Structure formats: C-alpha cells, structure tokens
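Numbers restart at 1 for each chain; the letters A, B, ... are given by sequence-line order, proteins then strands. Here the structure is a predicted model, which means the values were calculated and not measured.
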Number of protein chains: 2
Amino acid sequence: MLCLISDKTLARRASGSPGHFFGDAVREGCCQSTSPVIGWTGNSSRGMNSLLDAERLAVMQSVFSCSDDAAAALGAAVRELSVPAKGVVARQGDLAHHCWLVVDGVAQAQINGPDGQLILLASYGPGELFGSYPGPAALRTDFVAMGALTLFSIKTTVLADLARSNADVGHGLSVLLARQLDTLLDRMAARTTLSATGRVYAELLRLAGDSNRIEPPPVLSALALTVHTTRETASRAIANLVRRGIVRRTDAVLEITAPRLLAELIA
Amino acid sequence: MLCLISDKTLARRASGSPGHFFGDAVREGCCQSTSPVIGWTGNSSRGMNSLLDAERLAVMQSVFSCSDDAAAALGAAVRELSVPAKGVVARQGDLAHHCWLVVDGVAQAQINGPDGQLILLASYGPGELFGSYPGPAALRTDFVAMGALTLFSIKTTVLADLARSNADVGHGLSVLLARQLDTLLDRMAARTTLSATGRVYAELLRLAGDSNRIEPPPVLSALALTVHTTRETASRAIANLVRRGIVRRTDAVLEITAPRLLAELIA
DNA sequence: CGCGTCTTTGAGAGGATTCAACGTGTGTGG
DNA sequence: CCACACACGTTGAATCCTCTCAAAGACGCG
C-alpha cells in the first residue's frame with residue numbers, strides 16, 4: 001500500500017511531537033548565538049505543572065539578569081500558561097496584545113505558504129521571547145508548541161512600560177532581542193547563500209556540535225522542515241554522505257566521521 | 001562588442017552608487033514595519049559635514065525617545081563618522097567592539113557567497129542600529145555604505161552599560177531591535193514563501209507604496225539583488241507585467257496601473 | 001493485522017540561474 | 001572628437017537544482 005499522506009499532513013505532524021530529538025535539537029540550536037547563554041535553561045524533568053513563585057522569580061532573574069524588585073515586578077505582571085504539544089499559542093493575523101516568554105519547551109513561528117505548504121520561520125527555546133513587542137500588532141506567523149510548552153504571557157503594554165521604567169528590564173529585553181536578531185540573521189544567511197543540500201549539511205554540523213554525534217539520530221522530515229526543504233532532498237543528501245563515508249548512521253546515533261570534509265562541502 | 005562584465009563585478013558595482021533610486025528605495029523600505037517610524041528621519045539636504053551638539057542630542061532623543069540626560073549621556077559616548085559611498089564600515093569576520101547608529105544614508109549588510117556572488121541580508125536606514133550588541137562579537141556580514149553615510153559609532157560595552165543603567169536607553173534599544181526583528185522576519189517570510197518573480201512583484205509594490213508609482217524607475221540590477229535574484233529574472237518579470245498592461249514604464253517613472261491584480265499575482 | 005509514520009529511491013517537471021549576444025547610454029582618456 | 005571600457009537592460013537557449021509524484025519497505029502501535 002502506498003503512502004497517502006499529503007505533505008500538508010506531514011508538515012503539521014512533523015512539527016508536533018513524538019521524537020524527542022527535535023525538541024532537543026531546536027533547544028540546542030536556538031541559542032547558538034555568539035554571546036553565552038544565560039545560566040538558566042529550562043528544566044523539563046521537573047514533574048509539576050505550575051511553578052512556585054520563587055521559581056518564577058528565579059526565571060525572571062536569569063532571563064533578564066535583573067534585580068530582585070524588577071524580577072518581582074515582572075513576576076507579578078506575568079501569567080503562566082501551559083500549551084500541549086501541537087497546541088497553538090496564537091494565530092497568524094491575530095491582533096496580539098501579548099508577548100510570550102518560553103519557560104520550557106519549544107515554540108515555533110510558522111507560516112502556511114499559499115500552496116498549503118508549512119514553512120518554519122523561527123523557533124524559540126527557553127528564555128526566548130516572541131509576540132508583539134513595541135506595541136500590539138497583527139501577527140504574521142502562527143505560533144505553535146512543538147512538544148509540551150510552558151510560557152509566561154505578559155501584556156505588551158505592561159512589558160513596554162516596565163522596560164521604560166526599569167533599566168534592568170529594558171536592558172534584558174534588548175539583550176534578548178539582539179540575540180534573536182543575531183540567530184535570525186544567521187538563519188537567513190544560510191537560507192539564501194546555501195543550496196538545499198548545503199543547508200542540510202550545515203544543519204547536521206550544527207546539531208552535532210563539538211561531539212560530532214547526533215544522538216538519537218535526527219528525524220529527517222523534521223530536519224527538512226527546519227532548513228526549508230523536503231524529506232526526499234534531506235534523505236538523498238544524507239544518503240550521499242553515508243555513501244562517501246563522511247557520516248555513519250546507526251539506529252542509535254548519527255556520527256560525523258569527517259567533519260572537516262563536511263564543512264568544506266557546505267561552501 | 002559584447003559585454004564582458006562578470007556577474008561578480010556587477011554585483012560589486014550595483015551595491016554601490018550612482019543611481020539615486022536605490023538609495024531612496026531602501027531608505028523607504030527599511031522602516032516598513034508595523035509600528036510607526038520615529039518622528040525623525042535623517043536629512044540629507046543639510047549641506048554640512050558635522051552635526052552640532054544640539055542636533056546630536058535631538059537625534060538621540062528621537063531615536064531612543066529618551067530624556068534629556070539620557071540623550072546627553074548617549075551623545076557623549078558617541079563618535080560621529082562619515083563614510084563615503086561604497087565605503088566599508090566593517091568587514092565580515094572582524095571582531096567588532098562597536099555598534100553603529102545610522103544618522104543619514106543607508107548601510108547594507110551583505111555577504112559574499114562562496115562563488116563570489118554578493119548577497120544582501122539587510123539594510124539599515126536612518127535611526128537603525130547595527131554592529132555587535134550584547135557584547136563584542138565577530139561580524140558575519142560586511143557592512144557597506146550605499147551612498148554617503150553618516151553614522152554614530154558607540155562602543156558596545158558602553159552602550160550595554162548605558163542600557164543597564166538608564167531605562168530610557170534600554171527601552172529605546174529594545175524597541176529598535178524589536179522593529180528590526182520584525183522587518184527581518186518579513187523579509188525572511190518573503191524570501192522563503194515567494195518565487196523569484198513573486199519577490200520582484202512584491203518589491204515593486206513595496207517600493208511604489210500608496211502612490212503606485214516608482215520615481216525614478218528602479219534600477220533592475222539593484223532591485224534584483226535586494227530580492228535575491230538576477231537582473232535577467234527581474235527584467236523578464238517586469239517585461240511580463242508591462243506586456244500584460246499591469247505596469248507602465250517610461251524613462252521617468254514606473255507606474256503600477258493595476259495594483260490589485262499585481263497583488264493577486266504574488267500569492 | 002492494519003494503520004500511520006518515516007525513510008528511501010527513481011523518474012519527471014518546473015523554475016531559476018547561467019550563458020550568450022546585442023543595443024544603449026555614459027564617462028574617460030588619448 | 002572619437003574610441004573604449006563599463007554599466008545597464010533585454011531576450012533566447014541551455015542547464016541545473018529542487019520539488020513533486022510514484023512506489024515500496026521498515027517500524028511501532030492499538
């Protein structure tokens with residue numbers, strides 16, 4: 001029997017759930033900016049659903065690296081929010097009056113191209129912020145959870161006011177945004193300079209990091225989406241690498257045996 | 001005799017200079033975010049080379065919408081800088097310790113793809129900021145002036161300190177960055193969802209604005225670069241529109257006669 | 001087991017770049 | 001003043017990359 005899944009279904013699915021890989025991957029990736037990551041990086045192993053006030057403050061402090069009272073002010077303005085896997089935080093076209101701060105999990109900004117194709121624009125990991133900031137605005141993307149997601153939501157106006165009145169908040173915000181700008185520029189550069197296979201290769205290197213291993217091995221359909229290509233292309237690209245002995249792949253791990261060579265191939 | 005210019009040469013050239021169109025175009029385009037532009041928008045008609053202190057303060061205030069003393073602090077930390085057309089502000093790979101605030105003119109972030117092809121990642125108009133912000137960092141793009149350009153340069157560390165100590169600065173910075181993030185997302189969306197001709201059409205609409213006229217008519221090679229395609233493709237796309245009577249083109253102006261129809265074609 | 005998902009491979013189609021050629025306008029230098 | 005180089009635009013043909021379509025196998029799960 002043939003495979004009848006339309007790409008649309010696949011796309012919708014792949015951005016969701018089950019592989020733990022994707023979550024980890026994106027979480028790892030979303031903060032690969034030049035500046036070091038803030039000390040705190042979400043903690044999905046905690047079993048509880050709601051954060052204690054103290055934790056909330058700690059979160060604020062580590063995200064904004066701010067004083068106690070600033071954290072308190074933020075904590076008070078914030079509302080905790082849980083979104084199930086595949087849940088939609090906000091829809092394209094909505095007039096948003098909020099920002100969302102990712103506490104745990106990963107949120108993705110995606111667009112449905114006119115042909116129904118789903119396109120990934122950005123992903124937000126723990127400590128990152130999305131929504132409408134300088135003022136309320138219509139959203140140009142959907143924001144969906146790709147795994148269980150816990151957020152802090154805060155009114156745009158309140159956040160702006162806080163930023164204006166409290167230096168720590170403003171500064172923290174600017175750092176947050178600068179980092180996002182940075183990674184977005186990277187992604188943009190990759191998308192426009194590299195060929196489809198090149199983007200796949202680059203993503204492999206990024207996911208592998210210094211250890212040159214991806215464990216568990218990546219789900220190709222998901223990887224394809226993040227670099228804006230098709231599973232077929234990704235599959236072919238990687239098959240090529242395996243054939244040439246540049247990467248080795250087992251059920252448990254994908255290992256890059258010749259990272260230098262792979263890096264050369266990208267250019 | 002044939003034309004022997006390699007594409008590389010062309011690319012290098014086109015990003016420069018002579019057509020006044022390109023400068024205006026980008027200047028118009030770089031602030032098309034949802035939030036209204038700050039009240040002040042550069043003034044190239046002023047004949048002098050150096051800004052008075054008072055003007056400098058005014059610039060700061062309108063960019064950061066901040067108090068007098070914050071503006072004074074910024075003004076003191078800043079060094080004025082003039083870059084000639086085609087001049088390079090900073091090079092890819094440089095370890096930058098500065099941020100630059102565009103006072104007048106347009107700066108572009110560009111990358112040379114491995115094949116020597118020049119690619120435009122972003123452009124910064126008056127009131128926009130680029131460089132390394134949260135901390136010193138290696139630049140991933142060249143920054144070049146595309147027309148006479150005057151900048152304020154400020155040490156990254158100084159700016160960060162100011163942001164942390166002065167709420168107005170931090171807030172202003174966050175607004176600046178949020179706006180850039182916004183437009184970058186837009187650009188990204190356009191680049192990934194649209195076809196090459198679609199991007200050309202979209203750019204036409206954007207340049208034309210409400211008046212539906214582009215005056216003087218766009219330099220195709222430059223337009224092609226901004227939407228990341230070739231002059232040939234751009235030329236074909238527009239020739240098509242002209243043939244179908246959707247736009248009219250003379251030496252002096254390009255006019256969109258059927259903006260609705262054109263908008264339809266983009267999707 | 002049937003179903004859905006993921007992967008892989010081949011073949012075909014389409015879009016966009018590349019190459020080639022030519023016309024035009026502009027500025028430079030002999 | 002006249003080449004000449006250079007930039008820009010236009011058009012056609014060839015080429016290549018990438019997506020789409022089609023088919024089939026593997027795995028996990030209710």
Side-chain angles (χ1 to χ4, degrees), chain A residues 1-19 21-22 86 113 115-119 191-200 216-225 227-243 249-252 254, chain B residues 1-22 86 113 115-119 191-200 216-225 227-243 249-251 254:
Chain A
M1 179 132 238
L2 17 162
C3 169
L4 289 173
I5 345 163
S6 73
D7 274 359
K8 294 139 210 199
T9 320
L10 170 64
R12 221 173 287 124
R13 251 281 310 126
S15 67
S17 54
F21 150 75
F22 197 28
K86 290 179 54 178
D115 49 343
Q117 175 120 208
L118 185 142
I119 291 164
R191 284 225 178 144
T192 50
T193 55
L194 270 38
S195 69
T197 56
R199 294 196 301 271
V200 172
V219 177
L220 289 199
S221 347
L223 190 153
L225 272 183
V227 300
H228 192 241
T229 185
T230 59
R231 47 216 146 82
E232 292 96 326
T233 302
S235 173
R236 278 186 253 267
I238 294 187
N240 235 316
L241 293 183
V242 173
R243 215 171 297 127
R249 190 166 40 160
T250 70
D251 286 351
L254 183 150
Chain B
M1 180 130 239
L2 16 161
C3 167
L4 290 173
I5 346 162
S6 73
D7 274 357
K8 293 141 210 198
T9 318
L10 170 64
R12 222 173 287 125
R13 251 279 312 125
S15 67
S17 53
H20 13 34
F21 147 75
F22 196 28
K86 289 180 58 181
D115 48 344
Q117 176 121 207
L118 186 141
I119 291 163
R191 285 226 178 142
T192 50
T193 55
L194 270 39
S195 69
T197 56
R199 294 196 301 272
V200 172
V219 177
L220 290 201
S221 350
L223 190 152
L225 271 183
V227 298
H228 193 238
T229 184
T230 59
R231 44 209 153 87
E232 291 96 326
T233 303
S235 173
R236 278 186 252 268
I238 294 187
N240 234 316
L241 292 182
V242 172
R243 216 172 295 128
R249 191 166 40 157
T250 71
D251 286 350
L254 184 150

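Taking every heavy atom of both residues into account, A/Thr233 and A/Ala196 meet most closely at CG2-CB, 4.0 Å. Minimum heavy-atom separation, A/Val227 to A/Arg199: O-NE, 2.7 Å. Closest heavy-atom contact between B/Pro217 and B/Thr250: CG-O, 3.8 Å. Taking both residues in full, the closest heavy atoms of B/Leu118 and B/Leu225 are given as O-CD2, 3.4 Å, listed atom of the first, atom of the second, then distance. Contact between B/Ile119 and A/Thr192 at its shortest, heavy atoms only, is CG2-OG1, 4.0 Å.
Rotation axes derived from the C1' atoms of the five outermost pairs at either end of the helix from C/dC1-D/dG30 to C/dG30-D/dC1 lie 30° apart, to the nearest 10°.
Taking atom CG on A/Leu254 and atom C1' on C/dC6, their separation rounds to 15 Å, with Å as the unit. Atom pair A/Asn240:CG and D/dC17:C1' shows a separation of 14 Å (rounding to whole Å applied).
Take A/Thr197 and apply the side-chain hydrogen bond (donor to acceptor under 3.5 Å, both in side chains) test, not counting sequence neighbours, and it matches A/Ser195. For B/Ser235, the side chain to side chain contact (heavy atoms under 4.5 Å, CB included) partners at least two apart in sequence or on another chain are B/Leu220.
For B/Thr197 and C/dG15, the shortest distance from a side-chain N or O to OP1 or OP2 is not below 4.0 Å. Taking side-chain N and O atoms only, A/Ser221 has a distance below 4.0 Å to OP1 or OP2 of C/dT7. Phosphate contact (OP1/OP2 of D/dC19, side-chain N/O of A/Thr229, threshold under 4.0 Å): present. Proximity of A/Thr230 to the phosphate of D/dT20: no side-chain N or O atom is located under 4.0 Å from OP1 or OP2.
Atom CZ of A/Arg231 is separated from atom CG of A/Leu223 by 13.5 Å, given to the nearest 0.5 angstrom.
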Distances under 3.5 Å between nitrogen or oxygen atoms of protein and nucleotides 27-30 of chain D:
none

Apply side-chain contact (heavy atoms from CB on, under 4.5 Å) to A/Arg191 and A/His228, showing your working. CA-CA 8 Å; A/Arg191 284 225 178 144; A/His228 192 241; 3.8 Å; yes
Sugar-phosphate or base contact per nucleotide [nucleotides 8-14 of chain C; S, B, -; heavy atom under 4.0 Å]: SBBB---
